[in-house]
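All remarks here apply to the structure that follows.
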Amino acid sequence: MGQAELPGRAFALTETENQMQKLYAVCPRASALGLTKGMTLAEARAIRPDIVTDASNPERDAKKLEGLARWLVRYTPLTAVDDTIGNYCSDGILLDITGCAHLFGGERAMLTDIEHRLEHAGIRARMAIAESRSTAWALARYYPAEGSMISKTSAESTEMLANLPVRALRLDSGSELTLHRLGLKSIGSLLKLPRSALAQRFRGRPSKEITALLTRLDQVSGRYDEPVSPLTLLPSWRVQQTFSEPVQHRPQIDITIKALVNKLASMLAEAEQAARRLALQAFRVDGSLQEIIIGTNRPSRDKAHLTRLLLEKTDTLEAEFGFDLLMLNAFETEHLPPVQTGNASAQHSQSASELLDRLSIRLGPQAIGRLKHRESHLPERTQTLAPAHEKRLGWDKSFPNTAPRPLRLLLRPEVMDVLAEVPEGAPRRFLWRRTEHRTTKAEGPERIACEWWINPEAETRDYYRVEVIGGARFWVFRYGLYGVNGVRHASNSKPAWYMHGFFA
Amino acid sequence: MALLLTSVKHDARPFLWITNRALLREHGLPYGPALKASGIDPTRLLLVRCKNLQETLWALEEGLKSKALAAVIGELGQISLTASRRLVLTARAHNTQGLLLLRSEKTISSAAYSRWQVSPEASSGVAFDHRAPGDSVLNAHLVKHRGGQRPYQQKLKWAHNAPDHLPVVTPVANQHLVNQPATHNGPSRIAG
């Protein structure tokens, strides 16, 4: 994928396995010369000495494949990358196009459309459509015809599968070998046999081999259903806008977003639903996808609000060669009955939550907080910051304090140097943030004990409300009590003083 | 801060408090129990923490545009004349109250409608404990007022248990109480 075309030369990607360099992928010219995947590099060089090689990068390939699968979401939301099955690594994409083909003018037209777009993006692909996943897998990889194929009925698939090798059933090598020994080389021969005969022939082999084989046969004939687990979340609602010429400029994109939001909002209004998450997907002409996701606090279908939230984030879109499709998906929809306009209090709460949406989209959801009450002795723990949409903040249950509390509380108490009477005097002079203050008035102590059930090592605090010369008022505390000899009760040092808050 | 709170008291709608982390570390968070004790429901406070001045100004403008708030209070280190003019225009257009707490030592010229300089003053004593700090006394100096009001200074008293109004402390009464001698035996007698 994405290899440079070197005129006249063959190109291959190599990987190192057991200290031997093997071919990982070959270009069409190389495969025409007979070079195959898995061949050693020495052998390849013997066939074609001037082969150009480059190291393979399976992770990058896997990422590109996933990106392509996401891009293919424009055709159907159920896309997935083929799983790694035994020896067969994922080099394909699966699309469940049940019910989607008519939107693109039929299955053949859809295939042609995909082919053209991928060619435009520089990707060669082989495609097959069938009614079962295994059949499509087998046909795409092993059917000897050129181009893509469609099998419309199961009879047609059985016919097309008949001559394909048994490998196309994705069996492990042990089963494959057994089948070859039994003379069953093509799928057709396998399908002709009755199942009981197969079970008999496989007698003596581990039972999971026969079950695997039977499962595969059932999958191919459509008796066993294999659903596709999609790569992306399935949206509840979707509107889209295609462009005959790719758009690159912001004004065009903005206008389209507005139109899409209007369309989606009217669809939601008719169904009495509102969405909490919207994703705008912009499909580029080079086969990649860009996405903007917005979330709201409350389910909303308000056109102005949603448009504003989306437009806030369109700076992150990179058009490069342009977008040819913009899709707006709505997730997490909830029932919302029609709202009566003119109700002042409802309007207030709605515009408050819209303001919160706008602020959290731009500043990040952690930037917004509300004060939440928590039961605790320690003053810094009676209050926490809760996210903006939290409803139960607990203030109605809080008890009023006996002594006044400061209007601002420092996030962490700051240590300071204090001159005070021992053992229970209020500070007379203190040095805090490099300024010395002299107190004129003080009230206290308010003794707040530690929460022994949480931290038995913590010590008692004596809080004082002090006023200094000039009138400023502070809330300070002494951490620990003086014991005998002026030394702290629990440990062997003097208690420390801290600044905790400020009064008006 | 007492002045700010009285301006949001008589409205049940939420109010925005916009600040940045540096100012929070320096001056602390608004403390819920104290707000509740002064009669303001702490659930009304919406705290917004911005990373820089540009975000703060943007958040202030968004808050002023919304019609659902009682007031928008912003704590800043500085503000330019053009930015403040923009905020004034937005506040006037949407009829929302905007208050800026400017934490700076220099005088800043701004386009605000009125500017107050508030500084603390020594309080008078409390009836039963002459050592305790009394009610907060603030010196509110109206430095500038667009409506033509002349600048004046006023000493206001803010009691935490009766914060509905800020009674003006007259000079005479204030001095009288301060001059009370501190050495006493037995219960003090307050006159006045």
Side-chain angles (χ1 to χ4, degrees), chain A residues 347-356 358-360 362-364 366-373 379-380 382-383 385 388 391 393-396 398-401 404-412 426 433 439-444 465-473 500-504, chain B residues 1-5 12-14 16 18 21 24-38 41-51 55 58-59 62-63 65-69 118-123 125-126 129-139 158 160-161 163:
Chain A
Q347 260 179 7
H348 277 321
S349 61
Q350 189 190 23
S351 61
S353 90
E354 286 182 0
L355 173 67
L356 284 179
R358 285 204 299 279
L359 289 175
S360 52
R362 168 96 176 237
L363 306 172
Q366 292 90 347
I368 319 230
R370 279 194 132 116
L371 303 175
K372 184 169 172 173
H373 177 72
E380 66 268 19
T382 53
Q383 170 175 289
L385 280 181
K391 297 265 184 298
L393 297 168
W395 290 105
D396 42 337
S398 69
F399 284 108
N401 300 112
R405 287 284 180 265
L407 275 176
R408 309 255 341 223
L409 199 73
L410 280 177
L411 304 175
R412 263 200 213 122
R433 284 190 186 165
T439 62
T440 51
K441 301 201 167 74
E443 186 181 23
R465 202 159 63 100
V466 302
E467 182 177 322
V468 300
I469 293 179
R473 303 136 143 261
H500 207 175
F502 315 108
F503 291 90
Chain B
M1 188 168 159
L3 279 186
L4 291 182
L5 292 180
R13 294 182 295 175
L16 219 56
I18 303 174
R21 291 177 198 269
L24 274 183
R25 245 174 294 150
E26 200 179 319
H27 299 283
L29 276 177
Y31 192 46
L35 288 177
K36 186 164 177 202
S38 14
D41 184 13
T43 57
R44 286 171 54 199
L45 179 82
L46 282 168
L47 187 70
V48 179
R49 287 167 294 177
C50 301
K51 290 200 207 65
E55 278 187 8
W58 178 84
E62 284 291 321
K65 280 194 221 158
S66 151
K67 297 205 197 322
L69 299 174
V118 182
S119 46
E121 286 278 320
S123 68
V126 167
D129 183 358
H130 59 85
R131 282 174 308 171
D135 300 327
S136 311
V137 176
L138 312 163
N139 182 10
W158 191 76
H160 67 268
N161 53 354

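Numbered from 1 within each chain, the chains take letters A, B, ... in sequence-line order. All values below were derived from every heavy atom in this structure, side-chain atoms included, with hydrogens, water molecules and symmetry-related copies excluded.
Neither the backbone nor the side chain of I469(A) comes within less than 4.5 Å of any heavy atom in chain B. Residue L409(A) touches chain B through both its backbone and its side chain, counting heavy-atom pairs closer than 4.5 Å. Of the atoms belonging to R433(A), it is side-chain heavy atoms, and not backbone ones, that fall under 4.5 Å from chain B.
For A68(B) against A352(A), the heavy-atom pair with the smallest separation is CB-N, 3.7 Å. Residue A59(B) comes nearest to L363(A) through the heavy atom pair CB-CD1, 4.4 Å, listed as atom of the first residue, atom of the second, then distance. When all heavy atoms of A34(B) and P406(A) are compared, the pair lying nearest together is CB-O, 3.1 Å.
Side chain of Y31(B) to backbone of G501(A): no donor-acceptor contact under 3.5 angstrom is found. With hydrogens and angles ignored, the 3.5 Å screen pairs no side-chain donor or acceptor of E354(A) with any backbone N or O of S66(B). Between the side chain of R405(A) and the backbone N or O of G32(B), no donor-acceptor pair lies under 3.5 Å.
For the pair L355(A) and L46(B), the minimum side-chain heavy-atom distance is 4.5 Å or more. Counting only heavy atoms from C-beta outward, the side chains of L385(A) and R49(B) approach each other to under 4.5 Å.
The side chain to side chain contact (heavy atoms under 4.5 Å, CB included) test with L29(B) singles out one residue from E380(A), Q383(A), R408(A), and that residue is Q383(A).
Chain A forms the most heavy-atom pairs under 4.5 Å with one residue out of R25(B), K65(B), E55(B), E26(B), and that residue is E26(B). If you tally non-hydrogen atom pairs under 4.5 Å between each of L359(A), L356(A), L393(A) and chain B, the highest count goes to L359(A).
Rounding to the nearest 0.5 Å gives a distance of 7.5 Å between NE2 of H373(A) and NZ of K36(B).
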